[in-house]
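Within every chain, numbering begins at 1; the chains are lettered A, B, ... in the order of the sequence lines, protein sequences first and strands thereafter. For clarity, every value in this text was computed on a predicted model and none was experimentally measured.
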Protein chains: 2
Amino acid sequence: MMLSKKTKYGLKALTYLAKVSDNQPIQIAEIAKHENISQKFLESILLTLRRNGLLGSKKGKGGGYYLIKEPKDILMTTVMRVLEGPIAMVPCVSLNFYEKCDDCPDEGECSVHKLMLQVRDSALEVYRNNTLEDLL
Amino acid sequence: MMLSKKTKYGLKALTYLAKVSDNQPIQIAEIAKHENISQKFLESILLTLRRNGLLGSKKGKGGGYYLIKEPKDILMTTVMRVLEGPIAMVPCVSLNFYEKCDDCPDEGECSVHKLMLQVRDSALEVYRNNTLEDLL
DNA sequence: TGAAAACCCTACTAAATCGATAGGGTAAAA
DNA sequence: TTTTACCCTATCGATTTAGTAGGGTTTTCA
């Protein structure tokens, strides 16, 4: 139930980019140093963000990573799904990764299902109501 | 970010006890069979619940586990904390297990902190608004 | 044009956690 | 006094996490 470091670092990196850059590329090393993150680990996280359309990158001297959207257009639902995976705590209440429980004969009767549905909805509401801009 | 099987099974066991029993002791084997749970694993979970004041037990023939409170008096906040641990996804927003992040110089400025505070509050609200009775 | 800067990719690993399994010990009721 | 059922400890394979290592490859600028 803990937030992974991957997500934590990813969020911090996005925040840093949103703060300092006017879409100038920022080098990995700079972000890593400023946010106290292992550079190599951060590298893999930024790569994930880029592959999922949240960041752009530029190679060569003067290169780096930059936001390709406005902070106000980057929803936390997207960020969390990309970095942390499904928002639901059990697959049987997941919107995007639904899976039936093999041990549970009737979802409608399942107390875990009932509770986790509410938890998912409340988390989703938080993520939907927060853009990167809101966190600056 | 997944719910552990421990919590899932624990919740199911509590629900089962609330449904079938008028505070008669129910044997582990019966719960395990009915809810499709490994008996030995369930045993350790029930023990945890007993140690934390959520269940009572009776030894010997005719023994088993039973609820020691009314379902309407068993809050999900308690159940989740006992089985799953802290509700917060980062220690720096935990009410009961607060810890400062070593990499984060200023919590007030931290985007992760800001977001996770909201997530914790919304989860807490759900858990506070649900008793065992509500899940039956 | 060539070398340095910076991204890109793969593979490995130590540590921790999870979900169980095994095997017995102990108390209580019939 | 024997059976029943809870109680407790230890172990273990699989998976995940949080990196580390090391070497590409591409691009840009001098």
For the base of C:dC7, is there a side-chain donor-acceptor partner from A:Glu43 under 3.5 Å away? no

Tell me: NZ of A:Lys61 to C1' of D:dC29, nearest whole Å? 6 Å

Would you indicate what B:Ile28 reaches in the nucleic acid, counting non-hydrogen atoms under 4.0 angstrom: base, sugar-phosphate, or nothing? sugar-phosphate

Nearest listed nucleotide, side chain of B:Arg50, among D:dT4, D:dC8, D:dT26: D:dC8

Counting only heavy atoms not in B:Glu30 (residues, nucleotides, ligands), do more than 12 fall under 6.0 Å from its CD? yes

Using whole Å, what does the distance between atom C1' of nucleotide C:dC7 and atom CG of A:Leu49 come to? 15 Å

Counting only side-chain heavy atoms from C-beta out, which of D:dC7, D:dA18, C:dT21 sits nearest to A:Phe41? D:dA18

Checking all strands, does B:Lys40 fall into the base, sugar-phosphate, or nothing category for heavy-atom contacts under 4.0 angstrom? base

Report yes if at least one side-chain N or O of A:Ser38 is closer than 4.0 Å to OP1 or OP2 of D:dA18; otherwise report no. no

Separation of atom CD1 in B:Ile31 from atom C1' in D:dC6, rounded to whole Å: 12 Å

Salt-bridged, B:Lys114 to A:Asp134, with N to O below 4.0 Å? no

Is the phosphate of D:dA5 approached by B:Ser57 (side-chain N or O, under 4.0 Å from OP1 or OP2)? no

Are OP1 or OP2 of C:dC9 and a side-chain N or O of A:Arg51 less than 4.0 angstrom apart? yes

Counting only heavy atoms from other residues, nucleotides and ligands, does the tally under 6.0 Å from CD of B:Glu107 exceed 12? yes

Without decimals, in angstroms, what is the distance between B:Gln39 CD and D:dC6 P? 8 Å

In whole angstroms, the gap separating C1' of C:dA6 from CD of A:Gln24 amounts to 16 Å

Using whole Å, report how far CG of B:Leu42 lies from C1' of C:dT21. 14 Å

Would one find a side-chain N or O of A:Tyr9 under 4.0 angstrom from OP1 or OP2 of D:dG19? yes

Rounded distance in Å - NZ (A:Lys58) to C1' (D:dT28): 8 Å

Atom pair distance, as rounded to whole Å: CG in A:Leu55 and C1' in C:dA6: 15 Å

Side chain of B:Lys59 only, please: which of C:dA30, C:dA20, C:dA27 is the nearest? C:dA27

Any side-chain N or O of B:Ser44 below 4.0 angstrom from OP1/OP2 of C:dA20? no

With the side chain of A:Tyr65 defined as its heavy atoms from C-beta on, choose the nearest nucleotide among D:dA18, C:dA6, C:dC7. C:dC7

N/O donor to acceptor pairs below 3.5 angstrom from side-chain atoms of residues 69-76 of chain B, sequence neighbours left out:
none

Looking only at side-chain N and O atoms, does B:Ser94 offer a donor or acceptor that is under 3.5 Å from a partner on B:Glu99? no

